[in-house]
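Whatever order the structure lists ligands and atoms in, that order sets their numbers, starting from 1. Counting begins at 1 with the first residue of the sequence.
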Amino acid sequence: PEHELQAHFERTIARDQRIEPRDWMPADYRKSVLRQTAQHAHSEIIGMQPEGAWITRAPSLRRKAILLAKVQDEAGHGLYLYSAAETLGADRAELTDKLISGAQKYSSIFNYPTLTFADVGVIGWLVDGAAICNQVPLCRSSYGPYARAMIRICKEESFHQRQGYELLMTMMRGTPEQRRMVQDATDRWWWPSLMMFGPPDADSPNTERSMAWKIKRHTNDELRQRFVDMTVPQAGALGVALPDPELRWNAERGHHDFGEIDWDEFKRVVSGDGPCNAERVEHRRAAHEEGAWVREAAAAHAAKREEVAAA
Ligand code: ACO
């Protein structure tokens, strides 16, 4: 009976155990985990574009090899996460359609342009740094396949963060022009990185329930604060300024205070009206259409093998 299944589900959550694909779960739990994993998968796939644009223009063979590996990792993350979404009953082709039609979201951060090679470094440092901050606690998310995907993803994200920081350190030891590039990229990516954590807790419709179900382990504002506290000393070590005159240590709180985020900009970008939204989705649509023959060939091959096996 349903109330016993419900009680078993609640006990599993209360004991910090995992919900697995075959377990009974409330329809809203399934819907919410699916919403988050699908958005997360889409973010990884769209996230290949801003940096992918620099693969052909990397300044050395070494930088190119690193960047190639990184962008391939993002594709892999997308695939783990789409697989996790499939365990909840989602259809892969439908997920892609929903991304392309705008019915499902992806992270706001990937709707900003990458103007110089310093952006590759700053994305590694700030964007992947923010991603790690958000995703390490998700390794303890209550949905098993999502939590396990996160463990692997976080290991790879750490490599991404380090490659970005190392690139920036190299550039900061370079010419005045290179240092200017790093500062300029930091100025452009800082605020959008803070927006990655989502709306303030008071305006976050999903947080309360996702925390109760342990899908999420911390609120948006908690993780944003953790990221700011972690990043300020890194900026100091690098020798770049963070573009916020209100950023300062608050000894009483034991945290850094920081300025107000432009939430109108956040809403615009999330609702499809950011600097690169149209371009990103169009690129994804074209790649999907160009790949149609591969999917057809794979399906035909699978059907043929089935026929042979049946004969
Ligand atoms: N970009 C786009 N949409 C966002 C963003 C953002 N930065 N932040 C919040 N939103 C959306 C939410 O998805 C939600 O939309 P929906 O209700 O239509 O699904 C809405 O804004 C309200 O936000 P919340 O109620 O706070 O949503 P939620 O509890 O899901 O928290 C968060 C948002 C923090 C992004 C959460 O979903 C999460 O931790 N996701 C996993 C991490 C992730 O997706 N990272 C992707 C970028 S990192 C990378 O790929 C390298």
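Within the structure, the side-chain hydrogen bond (donor to acceptor under 3.5 Å, both in side chains) test picks out the following pairs touching residues 10-19 (sequence neighbours left out): Gln6-Glu10, Asp16-Lys214, Asp16-Arg217. Within the structure, salt bridge (charged side-chain N to carboxylate O under 4.0 Å, His left out) contacts touching residues 99-126 (residues at least two apart or in different chains) are Asp119-Arg188.
Near ligand 1, heavy-atom contacts under 4.0 Å come from Arg35, Gln36, Gln39, His40, Ser43, Glu44, Lys105, Tyr106, Ser107, Ser108, Phe110, Ala131, Asn134, Gln135, Leu138, Tyr146, Glu157, Met195, Met196, Phe197, Gly198, Pro199, Ser204, Pro205, Asn206, Thr207, Lys216, Asn220, Phe266, Val270.
Defined by atom type and a distance below 3.5 Å, a donor-acceptor pair is missing between the side-chain atoms of Tyr143 and Glu20.
Between Glu307 and Lys304, no side-chain nitrogen of the basic residue sits less than 4.0 Å from a carboxylate oxygen of the acidic one, so the salt-bridge criterion is not met.
Residues forming a salt bridge (charged side-chain N to carboxylate O under 4.0 Å, His left out) with Asp257 (at least two apart in sequence, or on another chain): Arg253.
Using cut-offs of 30° and 60° for the angle between ring planes, the Phe197 and Phe227 rings count as tilted.
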